[in-house]
There are 2 protein chains.
Amino acid sequence: MTPHEKEILKKKFGATIQRIRKDKRLTLRQVSASCQLDNSKIAKIEDGKFNVALSTIVELARGLGIAPSLLLAELNQEF
Amino acid sequence: MTPHEKEILKKKFGATIQRIRKDKRLTLRQVSASCQLDNSKIAKIEDGKFNVALSTIVELARGLGIAPSLLLAELNQEF
DNA sequence: AGGCAAATGGCCTAATAAGGCCGCAAATTA
DNA sequence: TAATTTGCGGCCTTATTAGGCCATTTGCCT
């Protein structure tokens with residue numbers, strides 16, 4: 001995976017997180033309150049700044065109230 | 001997520017990777033050849049030693065020839 | 001305009017994953 | 001038995017995430 005591909009992956013994942021959060025009408029603070037992730041960290045993840053770890057993916061899923069695998073569902077086509 | 005929960009998560013994920021690889025009758029070196037991940041690294045991941053990053057999950061999926069979300073499918077019940 | 005709440009960005013430290021090489025013991029196959 | 005393959009463990013350095021706090025700004029509502 002090239003650095004460029006990794007950038008695209010991070011952006012794509014972040015966009016997915018944000019779309020799901022907004023679909024559920026949740027604020028960053030509401031999500032962070034449900035999963036112990038700092039709200040500013042979640043904002044940065046949504047902006048594609050981090051190549052998040054497995055545990056963080058699981059935490060995000062918990063905060064969003066959905067299954068972890070759904071957070072990767074959109075990656076199936078391009079990666 | 002407590003340190004203990006994180007340990008369980010890593011072990012669970014590693015076990016999933018290994019099961020899928022063996023179901024497909026692939027060796028560590030065969031998987032590594034398909035995804036540019038070091039074979040010893042994959043062995044350690046299977047042993048639950050790493051809290052792998054998103055990009056590594058995607059790489060593993062590529063090496064195993066399956067969709068990334070399938071690697072998290074088993075986590076849905078317990079996390 | 002004023003007041004809130006949300007989003008965002010900066011900054012920090014300790015922990016740890018990435019990325020990779022080498023070697024060995026056990027299993028497999030010839 | 002000899003040869004090969006496989007799984008796996010050690011070791012290393014650099015890069016980056018986790019985890020967290022604080023300040024500013026943006027947007028919304030009254």
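Reminder, nothing fancy here: chain letters follow the sequence lines and each chain counts from 1.
- If you check dT17(D), dC8(D), dT6(D) against the side chain of Lys10(A), the one that comes closest is dT17(D).
- When rounded to the nearest whole Å, the span between CD of Gln18(B) and C1' of dC8(D) equals 11 Å.
- Summary of the strand contacts: Lys22(A) and Lys6(A) both lie near DNA chain C, and taking for each the nucleotide with the nearest heavy atom, the more 5' one is attributed to Lys22(A).
- Distance Asp38(A) CG to dA18(D) P: 12 Å, rounded to the nearest Å.
- Cation-pi check for Lys41(B) over Phe50(B) is met; the charged atom lies under 6.0 angstrom from the ring centroid and within 45 degrees of its normal.
- We find that CZ of Phe50(A) is positioned 13 Å from C1' of dA15(D), with the value rounded to whole Å.
- Not a single donor-acceptor pair under 3.5 Å links the side chain of Lys12(B) to the backbone N or O of Leu75(B).
- At distances below 3.5 Å, at least one donor-acceptor pair connects side-chain atoms of Asn51(A) with backbone N or O atoms of Ser55(B).
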| task | Under the side-chain contact (heavy atoms from CB on, under 4.5 Å) rule, what do Asp38(B) and Ile42(B) come out as? Steps first, then yes or no, please. | result | CA-CA 6 Å; Asp38(B) 188 74; Ile42(B) 298 172; over 6 Å; no
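- Judged purely by atom type and a 3.5 angstrom limit, Gln30(B) uses its side chain to pair as donor or acceptor with the backbone of Thr27(B).
- Around the CD atom of Gln36(B), the shell of radius 6.0 Å holds no more than 12 heavy atoms that belong to other residues, nucleotides or ligands.
- Taking every nucleotide of DNA chain C with any atom under 4.0 Å from a non-hydrogen atom of chain B, the first and last of them, 5' to 3', are dA17(C) to dC21(C).
- Judged by distance alone, with hydrogens and angles left aside, the side-chain atoms of Gln18(B) form no donor-acceptor pair with the main-chain N or O of Ala15(B) at under 3.5 Å.
- Among the protein residues, Gln30(A) comes within range of no part of the nucleic acid, since none of its heavy atoms lies under 4.0 Å from any strand.
- Between the side chain of Lys44(B) and the base of dG10(D), a donor-acceptor pair under 3.5 Å is found.
- The CZ atom of Arg25(B) sits 15 Å away from the P atom of dT6(D) (whole-angstrom rounding).
- Whole-Å rounding puts the Glu59(A) CD to dA18(D) C1' distance at 11 Å.
- Residue contacts shown for Lys49(B) are limited to sugar-phosphate atoms, with no base heavy atom under 4.0 Å away.
- A residue-by-residue look at Ser40(A) and Met1(A) shows that Ser40(A) has its nearest nucleotide of DNA chain C further toward the 5' end.
- Using a 4.0 Å heavy-atom distance criterion, Asn39(A) is classed as a base contact.
- For the pair Leu37(A) CG and dA18(D) P, the computed distance is 8 Å after rounding to whole Å.
- Using a 4.0 Å heavy-atom distance criterion, Thr56(A) is classed as a sugar-phosphate-only contact.
- Summarising the geometry, the separation between NZ on Lys41(A) and P on dC22(D) is reported as 17 Å, rounded to the nearest angstrom.
- The CD atom of Glu7(A) sits 12 Å away from the C1' atom of dT16(D) (whole-angstrom rounding).
- Residue contacts shown for Thr27(B) are limited to sugar-phosphate atoms, with no base heavy atom under 4.0 Å away.
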